[in-house]
Structures are given as structure tokens and as C-alpha cells.
S.K.: 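Got a structure for you, questions after.
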Amino acid sequence: GCGKKEEDAAAGGEETSGETYKACFITDGNLGNDFVDLIWKGFQNLEQEGWEIKCIEATDNSEFADDIRSMAGEGYQVIMTWEDNVSQAALNLADEIYKNYPKTHIFLLDTYVDHDKPNCTSVSVDPFESSFVAGFVASKMTQTKTIGWIGHTDVLKIRRFRDGYIAGAAYGDPDVEVVYSFTGDYLDPTKGQEAGSAMIANYPVDIIYQSCYLAGPGVIKACSEGGIKCIGVDDWQGDLDPCVFWSAIKPMDVAVTQVALDYKDGKELPKQMDFNIAAGGAVYDERDLKNIPEELQKEVKQLVDDISTGKVDVYKNFEEYRLEY
Amino acid sequence: MAETDYVLELKNIRKTFGALVANDDINLRVRRGSVHAIIGENGAGKSTLMNMITDIYEPDGGEILLNGEKVRFKDPMDATRHGIGMVYQEFMVFGDLPVLDNIMMGFEEKRWGIFLNRKKARMRIEEICRDYHFQLPLDARADTLPVAVLQQVEIVKVLYRGADILILDEPTSVLTPQGIQGLFEAIRFLKAIGKTILIITHKLREVFEVADEITVLKNGKVTGHVLPDEVTEEQLANLMVGREVILQAHKIKSEIKSPVLELQDLSVKENGVQRLKNLNLKVRSGEIVGIAGIAGSGQQQLAGAVVGLTRVEKESRIRIGEIEVQDKSVRERKKMGVGYIPQDRMGEGVNKAGSVWESAVMGYQTVHGYRRKYLLDRKQAEDFTNRIIREYSVKTKGIHEKVINLSGGNIQKLVVGREISLCDKLLVIEDPTRGIDVGAIEFIWEKILRIAAAGTAILLISHELNEVMQLSDRIFVMYNGTLEYAGTHGELKEEEIGLLMTRGGDADEKKA
Amino acid sequence: MQMRKKLEINEEAKSNLIRYAAALLAVLLIGAVLIAVQGENPGKAFSEIIKGAFGSKINIGNTLRHTMPCILTAIAAAVAFKSGVNNLGLEGQIYFGALTAAVLGYAFKLPPGVHVIVCLLASGVAGMLYALLPAMLKLVFQVDELISTLMFNFIAVLLTEYITMWWIMGGRGSDGSNAISTPPMAASARLPGLIQGSSASLGVVLAFLVAVLVYLFYRYTVKGYELKQVGENIRFARAYGIPVARTFLGIFLMSGFISGLCGGIEMSGSYGSFTAKFITNMGWDGILIAYIAKQNPIAIVVVSFLWGALRAGSLQMERMTSLNKLTVNIIQMLFVLFAAIDYKALLDHMRQKHIRSREAG
Amino acid sequence: MQEILLAVISPVVFAGAVRIAAPLVIGSVGGCFTEKSGTFVLAYECFMLISAFFATWGSYVTGSAVLGALIAVMVSILVGILFGILVFRFQANGMIVSIALIYGAWAVTTLLLVSIFQVRGSFISPDIISFQTISIPFLNQVPVLNDVLNNKIGPVYLAFLLTGAAYVVMYKTPFGLRLRGVGMNATAAQTAGTNIRRYKWTALIIMCACCGLGGAIIPLSGVSMFTENMTSGRGFLCLAAVLVGGGNPIKTSIVAFLFAYTDALYLTLTSFGLPTQLLSCIPYVAVIFVLIVSKLRARRKAALGAGRLKWRKKVTA
Ligand SMILES: Nc1ncnc2c1ncn2[C@@H]1O[C@H](COP(=O)(O)OP(=O)(O)OP(=O)(O)O)[C@@H](O)[C@H]1O
Ligand SMILES: Nc1ncnc2c1ncn2[C@@H]1O[C@H](COP(=O)(O)OP(=O)(O)OP(=O)(O)O)[C@@H](O)[C@H]1O
Ligand SMILES: [Mg+2]
Ligand SMILES: [Mg+2]
């Protein structure tokens, strides 16, 4: 478990309604990094609402199927899976679950899957848009016309961040050059630090956007040491270091709470949901606005509006990332 | 006053290993400045006794008196500090280190209290070498040196540590006649300077040559304490093994027929060093061909080439019967009836970690047709093992006993028994009686002669000149990779062959 | 003679039993303390573990599902260690076996029975080929396989990810999913399930068969005898005509085959498609089990079952209590540590000390 | 292409390598002692991970990186004593104990993170004080060296010092001579009056202290945080360095540095769009490459060695 006592949840939940709603989170990445914590924050919101919650940190792919089956068997109506491998396992099991536990609904968090399972919903907060806005901000803020991006490994999901950032920067200022690199390890902050230092030494970057999980704080540290600015990811990271002037947030907590409550309210759940700007998702944190010039603040707001109305198409040159729903 | 005459006294020493009583109530007094020989059969308890003096083992009972005072050493180091130094049966060398480091290990000269002072150590060692007439290459790595030199290293090491009492455990088993003479000279010289020497050996003649007093052990008990002038070789042997033994092979006249092994232009190069040069040799059925020579002259390569372990040069031809085998594998040659008794019995002859039957049937599983296709016939394998144990009187608790629990001599018998039982055509034997006692030697000699008489061709490689001379029909001397014919049985004298082996006595400087 | 033989075997079994019992006892004690410290009731935790492992048919199925890779990797390790080959590269061989099975599983259409067999055989061969690399490095350059296999593990994880992402997926997701994985295997390439509602497949039976075969092989065949000799004294084996280099190669390949097969069964039996970094430490589990079981195939099956039970049980424990299954990991490791102790030597040592102190006193 | 070649010799890469190398070098120099004393230890990763955790904790509690590192070294030695008791005293197999310790360490640190800091996965706090960088005045004048060597944290320089010190101890002192003797031929060393057990223990403790220090550097080199499994395979690289370097501290350090260099190179090369999975293989391929080259050289040298091929003995203890 996650060190959370079930009793608390039970105590809070009992009197509000006849049926106790139970939500369970099966994650491949452990709690303790901003993104997973963000999701868990969404669960904690549910706990406030009287739900019973449970987090299972599965460490090995062989455990996913067992966990999903058993939690459905334990009467959890909402099962949320994170990391594509867990979600994949959930999809494979969906029919069996539907047969045995028709009330249970599975939410595949942070995936972009096309599927036909009635009891599954893929819930995403596409980082492409927030990265796009971050790239736009960076292109406006850079003095050296060179901005950087560092990710952990060269995998598809991480490239969404990179390419959204590149697209945003190109939209903001076509002359700005974007350089990127990878740390090669998502758990090791010292690698992040080295990658940041190397980038600062190799290129005249003055802003680096990091998307590298637990190695991220290392990048932030390197930026702070190198005297340049940094853009955080997932959650608001301005609390980590003053050099983080902007965060490309991915409000998964809101999405989590939202979909769970939708389920409770008996709403029709679509096969895919994306909490993009158009759906009212946030892409930056209000606290960061003070860090950029007023003029730029306006531009950013305008941009977000434009994206929301479809005036600006963030996927223009990056068709492969476009979500078809 | 008598007390101070004896530099070392052992009283009622007792040592058991589990149920086995290795030393039972041993009393021994060693006179100052004498050469004291301890003889006994394999497993009589000699090494055990010595190991208790130097505190490798702790005695179960009894006491040790040094200069009349009761001592109890904490560890081997403590014994060394009290002036007792031992040259072990198996040398205690560090192969990767130069001789200098080997000698000073544990007793380093220091500079500023913490750093090694190799210069000073070298000076001291050179001084010792000068005083005692040793010549050592101090900078050579130990594993590049021949055994004779290593033995000198061991003795110098003990002297360097300031030993007054030197214990030599079977020092002559690795030496040539000349080397042995050199060693004895050194022993006499040490004695003259006032050191006391305890020497362990199986070889009776040497005992007479060098010892002042003799103690005989048998089955862990002292069976005699004699002076060399008072006994004959036969009497001594009798004390050791409890029956009459005459170390004389009874050569059976066998009928020598067609050649079984034929070597033609045999050359071997290892890592660019020419080990064998164009050897030509025929061994015929029923014949024992003996190869004498100092260690490292190429004997190992010769044996290896014949059984298939050593790769030979292109032009070399090895024929067994009519068939050329230089490109055939060990296994194929084995199937043709080639047996091999390696010199390093412990390392190569058996699997010490396995049980007795596993070592006993090695070769049996392929050479003879005792496998049902691919399956091992456990029953037959066990019967075969029991047969060897019976016929060769291998002392063991049973066929499932671990080989490591057998004594050296018994392992020897096991290997010899196996190879003799399995191979009917050609037997390559290296030092069949190294480190075993007279009784066992006699037994093994007889077996070898018997199978030769039965028609097996035998290539006997031995560092024991006497053995070669006693057993062989024809004798060759190996020197630096070449073979020289040295006559038929009984033609040449020991000294003459010894001279051939060393080309005039410069052997000690020759490297392996 | 017969009597003595029996006696000796009993002695060995006895010492093994002592080892396991002592380890289990110590671990239960320490584990209870560990659980209590984390504020849970040890009794409840243990009962959840047992329930999770054997509580129902499905739970037993889960236990069997986790037992399978343990058996195969441990057998692969044992085969290698018995003959003195330090193959620590099981993990890498599993990866390549798995990838091969997965690719063949989706890329080809074959009749049902044939397809599975082809996939599994190919996975074994792939593991074998991947084991060939360190084996050849050893034979040609005398590179110690201990270290080379360790390195090849890291390389395999990265390389399979590379192949999956760049060759199979063409550098981008095909169906919108972002996992780095191959397309799902055809149904004809999947092993039939064993227990409905669990991930146990016929694979566990296969694994068991492999263990039995290996046991029989070592006990009753000439080759088995020879391989043991090579492991225990290579010079001895060489001197009497056992082709050592070939044997070494054979052992390495056999070990690689079994590891690769393990990967293939995982794909065919449980996963259904290859995903980058799909296992963690499976190879190491095998090595640990092989050591605890002293490389005896029968003991391996027993210990693997225990391991699988602990695995399934720990999942249940995590679900039902506030404990993390890392607690069970620690308990497992403690068991290994305690089982690794040579109790006989320890007893002898203590007895000697006792005697000595009595003498002194 | 040219860019890549330039990156290979760029001072940025070397500066990064010097920093990354510090824990590897220190850990593997310690490992030289156990290697030479003939103790088979794989558990570098365990010692480093545990000490990385306790360095974080120590620094957090005491507010001093040095004290944090000291605490880490202590804890690492304690774990080493556990290893020693099991292997030396109870005759357990070194390999199996090592593997168990490695995986135990991961579980233990992750659980400790929960029970001490009440966080999961990672702990980050400004109260974790890192080592200070040291500026060497006379290097300021030298152009390239200044970039590569100057303004690094203390342990980086310590790594160089330790390598030299270890070399002197190993080859120039009686202690080193006896230690190597113990590893080469334990019985012989015993008859030379060496207390084998004491030397093995000493070597083990030196190794643990070094690995402890190496592990402590990782969280205290500036990032000021601990994440689970933070050492991420560094221990295995240390082990590889020791085995490749044959326990000679200088050779071993060079190999360790080589690994660090390939790592640093990776961080630069990923900017060129090369597949990261392949780039990540570089250190491991480098190990194998170095092994092959060193064996080839050894073979040429051994023109005079023992005849028959030598095989590494089965790993025991
Ligand atoms: N470590 C041991 N453990 C058990 N028994 C032993 C051990 N060492 C020696 N023995 C037993 O003690 C007896 C005496 O052995 P020891 O080595 O003293 O004989 P030895 O007279 O030196 O023989 P050799 O002439 O062959 O060297 C042996 O028969 C053996 O059974
Ligand atoms: N490691 C061991 N464990 C148990 N017993 C041993 C061990 N080593 C030796 N022995 C016992 O010691 C006895 C003799 O050992 P050792 O090799 O010293 O004999 P030896 O007296 O030198 O005999 P030989 O002259 O035949 O070589 C064996 O019979 C065996 O029972
Ligand atoms: Mg002896
Ligand atoms: Mg002996």
C-alpha cells in the first residue's frame, strides 16, 4: 500500500451514501514523483468525497493482470491504470472483467488508445498542448535564441513533450533554435544534472524544459547552477527552485477526480477522453504568470484561447501526434 | 644436562581426524645440530606430526618442548618466531610474485615503519644465499621457475626468517640425483653451521646418506627409533611397512613385438617456445620405454602429445598401430586403447570434489561398450569401481566417499588401477610412484611389469631415475626437448644417466 | 555398500532440511518484527500471504504462474553452474527469447499447435544464440563470462527496446498506444491456459518437464556424468578426453536455450506481446534459487514453488493490508541469506570453540 | 559527423566524465582490495545504494555533507560486516549473498524512505547539503584543464588521491604485499604468518568504506535528493572495472574513468538524434571491448607462461 490507512477512508465515507464507492490505482511507477503524485492527488480528492481508495505499486509486468482481476474481485468499481504496460494488460482483461464484474469500469490513464471495450476509458491529458505553450513562452523569453529540452529516454511518450515544445517555439519565433538531449535514466537525478550541465556548456541555451521524471530535479539543479531558467513539467515545480519560472502542467488530478465523479453520477463514459484545452484543461499554473512580462501574459492567454477555439492548430506539422477524438 | 641436548621434544602427541587416529601417543626427541629423518608409509602421520610442530594443526593431546621448555604456539608465525621453519611438501609459493617478494612475505624489511624496503631485503637475502651457497634469481616470477629452484627458494625463505630448526617434508621427491646431492650438501652445510634439520622422506637410501638419527612411524605410532649405522635398508623397510620389502623390480621377460607407438619428427611449440624438437621414438608392444630427465625438459609435452592434450607442429607424425593420430582427439585415442597416468594426480587424475566411483569410471563410460546407448550403467560402473578398490587395495570408506578424503597414495592407486584396467594397448605413465611409500611402489611396479608382459606398450616418464632403470627395457634421456638413447635395461649406471640428463651438472641453472 | 549409500543421501537431505528449516524459522521471526514495526499485524499479513498463494483455485493458478519462470531460470542457471559456467546472462537471453517468440507470434500465420511450438523453439534458439556471444568471447579471447554476461544483460534490455521501437514499430506508435511493444501474438501462438481466471498456462507444465528432463539427464546419462566432471575438475575432464571447449559451448547454449524458452513461454503463456523492459530481475531470481537448491533440479522445483507462492501471496498481502510487497522482498532476501549459511560448518566451528574454551577453562 | 568527432574530445565531455567518474573510481578502487584479497563480492550496488540513502539522511539531519558521507561510510561498513559474517564466518557463498544484498538494498532503502521521510520514491529537500565545489587558483590560468578539472566537488579530487594512495598501499607496503599474498595463495600466506581472516576483513572493510563514500557522493554532488534505485547500475560498473583492471588500482581507475567518459559522451551525443538505446549500450560494449583488448595483450605477453590453458575456477566464496 501507499502508507495510507484504509480505515481513514472508510470512516469518511460511510455515512454520506448507502453505497461505498471504491477506487483503486494500479501504477507501474511508484509514488514519489510529481506525475504519479499528481494522479494520487486526484484520488485523495475522491477520498475527501468519501470514496475508499487504494494504490497498488506494481513493480513487475507479471503482476498487472493479477492485480486488476483481484481488485475487481474486491469490489472496486473504479480501477485506474497508469503506464501503458498496465493499461495494455487492463485492455487484454477488459472482456473478462466485464463478464464477471459488469459494474467495474477501468480508466486507462495517460494513454491514447483506440479500443472497443465498453468498460474502458482512456483518459489523457495530452502534454503536446502544454509543451506547445511552454515552447511559445520560451521562444519569447530567450535572449540567446537557443532553448533546450531534456527528456529521460527516447520513447514515444516523451517525444510528445519534445515535439510539442518545438512546435510551440517555432510558432512563437521561427528563428529560435531548439536543442535537446536525453538523460538515459529516469530515476537518476545526477544524470539529469550532468545532462543539464553538458547542454549548458555545449550550447548557448538560456532556458531548458525538462521532461525526465525523477531525473528532472537534477536538470533543474543544473539550470540553477548554470544561472539559466528552467521549465518544469507535470505539476507546478516552481517550489523546487526559483529558476523554474514556468511549468508545463498536466492536470491529471483534475481529470482523475472528474472521471470518477462522472462514473458515480452514472454519466455515459466515452471510450476516450482528452482533457485538452478545449475541454477546459489547464496547461500552465496561474502562479507562474507573474514570472513573465505582462505583454507575454496576454499573448499566452490569447494563444490558449486560440488553441481552444481551434484557431491555432498545435499539431500542424506533427500530424502523427494528433488525437482523433 | 641431557635436556639441553634436545632442541625439540614431543611428548605423547595425539591427533585425531574424526574417527581416524593420525598420531597416537608420539614421542620424539631431536638432538641439537643433527639431521633427524622421519620415515613412514603414506598416511603414517608424518605430515600431520610436522604440522603440529608448526601449529598448522592443534594437537589433541600431549606437549611440545622447545629447548626444554614447554611451548604452545599461537599460530605458525609464532612457531617461526621460535625458530622453527618448515618447507612444505607442497611448496608455499606465490606464483605471481617475484622470488624476492616470495621470500620476504610476512617478514618484510620496512622503510619509515610503513613502506616496503626491498633494497634492504634484497641485501639480506643475497647475504644468506652467499653464506649457504644458494643461487636464486630474485626478480624472476616464481611460477616461471623449475621445482628445484623453488625448493631452494623455500629453504632460503626459512633461513631468512631466522629458523634454527628446519623441517623438510619430502624434499627429494621433486629433485634429480644431482639436485638431491645439492640439497644434501646444503643440509650438511646447515648442520655444520649449527642448524637442526628434520627431514621426511620415503627413500631409504637417502636416509642412510644424510640422517644422523631415524624415527619410523607406522599407522600414527612410532615403531622405531634407530641410528643409520645400526640398521640395514631391509630392516628399516620392515619397520615402515611391517613386512619384507626389497625395492627391486622383478622384471619379467616379455615378448616384444610390433611397434604400437611411433613418433616421427615430433615437435611442439608452446607460446613460441620450442618444447620438443624432432623426436623420433618407437614403443613396441610388451615393451617399457623409460624416459629420464630433469623436470621441465619436455616430458609433459611428450606425454601430452601422445595422448592428445598438446598440439603438435605440422610436420609431426604420431602413429598408434598403423593409424596416424596426430589430428585425433584425446577421446578418439582413448578409444584406441591409450591410457594416461598424469603426473599431477590430484589436479588431473581425479575429480576431488566428486565421489570415488565418478573418478574411477572416467574413461570407462566411453572406451568400453558399457553404455546402453547414451545412458550410464550405474550398476556396472559401481562394480568396476569396487573391482579397482579391491584389486589395488585402495583404502576408502566406499565408492561414494569423496575423493578429497582419500590420502595421496590411495588416490594414486585409484588412478593407476583405473588406467591399467582400461587400457590394453598403450599406457603413458608420468611418475607413477611419486610421493608414495615403498610398499605401494613395489605394488605398482609389479602391476606395470605385469601388463607389459601381457603385451601393452608402455611409455614411462619418470623423474625417479631408479624407477626408470629398474623398469624399462630401453631408456632414453630427455634433455631440453630432445631425446637421447641411453641403452637397454641394466646397461648404464645411475651416475652416467644422471650426467646425460644434466649435460655435466649444469642443470640447476636451466629454466623450465 | 547399499546401506551406506542410503545413509549418505539421507545425510545430505538432512543437512538441506536443517538449512531450510533454520532459514524459515529465522525469517518468520524477523519478518514478523518487520511487519509489526510497520504497524501491521504479522498474523494477518502472513495469513494474507498464504491465502494469496493457496486460498483459491485462481490463487493457486497465480502461484503456478509465478513458479514457471523461477523453475526455468533456475534450471538454466543450475545447468551452467554445475559445469562451472558462470552464466549470469539469463536475463538477456530471456529478453531475446521473448522478443523472438513475440515477433514470430504476430508476424506469421501457422496452424494452432504448430505455431506455438515454432514460437517456443525459436525463442529457445534465440536465447541460445545470444548466449553464443559470451561463449565465443570466452573460447576465442578468454574473456571471463562472469563479466561479459553481466554486460550483455544490460545490452539486451536496451537492444530489444531499440529493435521493438525502431524496427518493429518504425519509430512511432502504430495504434495510438504509446507502449513500446510488438503487436499482439496470434491466438494460434498462445499457450492454452491452465486454470480459468488466472494467468497460469500450460507453460508451468513445460517448465516442470524441463526440470525433470534435466534431472534425469544428469543422473542417468553419460553426457550428464561428463558435464558434471567438467564442472568439478576441468583438467581431469580434459585429460581423459571429454571435449572441454565443446562441452563449455554446449552448456552455455543449453543454458541459453532454457532461458530463451522461459522468455518464449512468458510471451506465449502470459503476456501475448513483447514490451520493452518487461521483466526485472527474473534472471537473478533464477540464480538465487539455483544456489539455494544447490543446483538440484528437484529441489529447484520445490524452492521455485515456494518463490511463486511468496510472489502471489505478497501481491495479496499488498492488496489487503497497508504493507508494501517490498516487505516480502526483504523477507525473501533474508531467506536467501539464511539458507546460504553452511550450518554444518557453523556447528563444527562452535563445537570446536566450545571444546577449546573448556580446555582453557 | 564532424560534430560527433568534436564531441568525443570536447572538454565539456571530459569535465562531465571527471564528475561522473568520482563515485565509480572511489568504489572500484575499494573493490581492488577485496579482489586482491581473494574475496568474491558482487554487492557494490548494495553498499553504494544503502550509503547513498544514509548520506542523504545524514546530510539532512546534520546539515553537513561531510558528516553525511561519514555516516554513509559507517552504515556501508556495517552492511559489509554482515556480508563478512555470512561469508567468512558462516561459509555462505559470496555470489548468492551479494545478489541477495543487492535486491535487499533496493527494498530496504525504498521502505526506509517511507518510514523516515514519509515519502515514496524520492526525497528532495534544500536541507540536504551537498559537497561544496573547490576552486583551485592556479588552474584558472590554464585554458582546457581549468574547464576539465577545476571547480569540482571535493570527492572528485579525493578520487584521484585515493587511486594513488591505493596503489602505494597495494604495491609499496607490507600490508599490500601480504594482502595480495592472501589472495594468491591463502595457505602459503598463512604459513608466512599472515592472519588470513584479518586481511580479508580489512580488505572488505576498506572496500565497504570506499563504496560507502562513492555512494555518498551521488546524492550529495549537487542534486541534494535521493531517489529509489539511485545508483542505477553504477555498482555493476565498479565491479566490471575491478575485474577488467585485475585489482590494480591504477588500471581499475582508468577503466572506471572510461565508463564515466562514455556516459558523459552519451549525454552530448543524444543531442544529435542518434537512437538513445544504442548510445546507452556504449559503456557496456566498452567493457567487453576493453576485456578483449586486454586479453589479447596478455596473450602476447605470456609468451613464456604455463602451457595449458588456464580456466577461471568455479566461483566460490
Ligand atoms: N586434514 C585432515 N583431515 C582428516 N584426516 C587427515 C587430515 N590430514 C591427515 N589426515 C589423516 O592423518 C593420517 C596421517 O596423514 P599424514 O599426512 O600425516 O601422513 P604422512 O605420514 O605425512 O604421509 P605422506 O608420507 O604421504 O606425506 C592420514 O592417513 C589421514 O587419514
Ligand atoms: N580435506 C580432508 N578432509 C577429510 N579428510 C582428509 C582431508 N585431507 C586429507 N584427509 C585424510 O587424510 C588422509 C591422508 O591425507 P594425506 O594426503 O596427507 O596423506 P598422506 O599421509 O600424505 O598419504 P600419501 O602418502 O598416500 O599421500 C586421507 O586418508 C584422508 O582420509
Ligand atoms: Mg605427508
Ligand atoms: Mg602425501
Side-chain angles (χ1 to χ4, degrees), chain C residues 34 37-38 81 84 86 88 133-134 137 140-148 150-155 158-163 165-166 171 231-232 234-235 238 244 248 276 281 284-285 287-288 291-292 324 326-330 332-337 339-346 349, chain D residues 40 42 82-83 85-87 89-97 99-111 114-115 120 228 233 236-237 239-240 242-244 275-281 283-288 291-296 298-299 308-315:
Chain C
L34 210 66
V37 163
Q38 293 181 54
F81 295 158
N86 291 308
L88 301 189
L133 286 172
L137 283 180
V140 179
F141 298 110
Q142 280 88 53
V143 171
D144 193 345
E145 77 276 12
L146 189 82
I147 187 72
S148 66
L150 214 52
M151 296 298 117
F152 277 119
N153 276 347
F154 290 107
I155 294 175
L158 293 163
L159 217 55
T160 49
E161 181 176 322
Y162 172 76
I163 292 172
M165 178 165 162
W166 292 97
E232 287 175 349
I234 196 160
R235 292 179 55 211
R238 188 206 311 275
V244 165
F248 178 85
N281 308 336
W284 295 106
D285 273 350
I287 291 170
L288 288 180
Y291 263 112
I292 299 178
N324 192 293
L326 289 176
T327 312
V328 174
N329 277 17
I330 294 179
Q332 264 174 318
M333 292 314 148
L334 285 175
F335 179 75
V336 173
L337 292 183
I341 293 174
D342 186 342
Y343 287 96
K344 198 165 159 291
L346 185 65
H349 179 86
Chain D
F40 186 73
L42 282 177
L82 173 68
F83 179 93
I85 289 176
L86 286 170
V87 172
R89 173 67 76 189
F90 295 165
Q91 316 271 300
N93 180 302
M95 172 133 105
I96 178 170
V97 172
I99 298 175
L101 282 182
I102 290 171
Y103 292 104
W106 172 63
V108 166
T109 49
T110 308
L111 282 185
V114 176
S115 56
R120 281 304 320 266
E228 64 176 295
F236 286 103
L237 286 182
L239 168 70
V242 172
L243 291 183
V244 176
T276 59
Q277 289 91 351
L278 294 187
L279 288 176
S280 294
C281 290
Y284 310 117
V285 175
V287 173
I288 290 168
L291 275 171
I292 293 176
V293 171
S294 68
K295 291 293 165 178
L296 283 179
R299 202 195 284 179
R308 290 172 195 173
L309 218 142
K310 273 190 200 156
W311 294 76
R312 193 192 171 96
K313 272 200 238 116
K314 214 171 164 176
V315 180

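First the proteins, then the strands, lettered A, B, ... as listed; each starts at 1.
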S.K.: Search all heavy atoms of D/Ala240 against all heavy atoms of C/Met151 and return the closest pair with its distance.
M.R.: CB-CE, 3.8 Å

S.K.: Tell me, side chain or backbone of C/Ile341 under 4.5 Å from chain D's heavy atoms, or both, or neither?
M.R.: both

S.K.: Looking at C/Ile287, C/Ile292, C/Leu337, which one forms a side chain to side chain contact (heavy atoms under 4.5 Å, CB included) with D/Ile96?
M.R.: C/Ile292

S.K.: Could you measure the distance from the CG atom of C/Leu326 to the OG1 atom of D/Thr110? Nearest 0.5 Å is fine.
M.R.: 5.5 Å

S.K.: Do you know the tightest heavy-atom contact between C/Ser148 and D/Ile288?
M.R.: O-CD1, 4.3 Å

S.K.: Assess the residue pair D/Ile102 and C/Trp284 against the criterion (side-chain contact (heavy atoms from CB on, under 4.5 Å)); give the C-alpha distance rounded to whole Å, side-chain angles, the decisive distance to 0.1 Å, and a yes or no.
M.R.: CA-CA 10 Å; D/Ile102 290 171; C/Trp284 295 106; over 6 Å; no

S.K.: If I take atom CZ from residue C/Phe141 and atom OG from residue D/Ser294, how far apart are they, to the nearest 0.5 angstrom?
M.R.: 11.5 Å

S.K.: With rounding to the nearest 0.5 angstrom, report the CD1 to OH distance, C/Ile330 to D/Tyr103.
M.R.: 15.0 Å

S.K.: Could you go step by step and tell me if D/Val285 and C/Ile155 meet the side-chain contact (heavy atoms from CB on, under 4.5 Å) rule?
M.R.: CA-CA 8 Å; D/Val285 175; C/Ile155 294 175; 3.8 Å; yes

S.K.: Kindly compute the distance separating CZ (D/Phe236) from CG (C/Asn153), expressed to the nearest 0.5 Å.
M.R.: 9.0 Å

S.K.: Under 4.5 Å heavy-atom distance to chain C, tell me which part of D/Ser280 shows up: side chain, backbone, both or neither.
M.R.: both

S.K.: Could you tell me which of C/Val143, C/Leu137, C/Val37 has the largest number of non-hydrogen atom pairs under 4.5 Å with chain D?
M.R.: C/Val143

S.K.: For the pair D/Leu111 and C/Gln38, evaluate side-chain contact (heavy atoms from CB on, under 4.5 Å) and give the outcome as yes or no after the intermediate values.
M.R.: CA-CA 10 Å; D/Leu111 282 185; C/Gln38 293 181 54; 3.9 Å; yes

S.K.: About how many Å separate CD of D/Gln277 and CD1 of C/Ile163, when rounded to the nearest 0.5 Å?
M.R.: 10.5 Å

S.K.: Just give me the residue among D/Val97, D/Val287, D/Leu86, D/Leu278 that pairs up with chain C most often, heavy atom to heavy atom, under 4.5 Å.
M.R.: D/Leu278

S.K.: Given side chains that start at C-beta, do those of C/Asn329 and D/Trp106 come closer than 4.5 Å, heavy atoms only?
M.R.: yes

S.K.: Taking atom CD1 of D/Ile99 and atom CG of C/Leu88, what is their separation to the nearest 0.5 Å?
M.R.: 6.5 Å

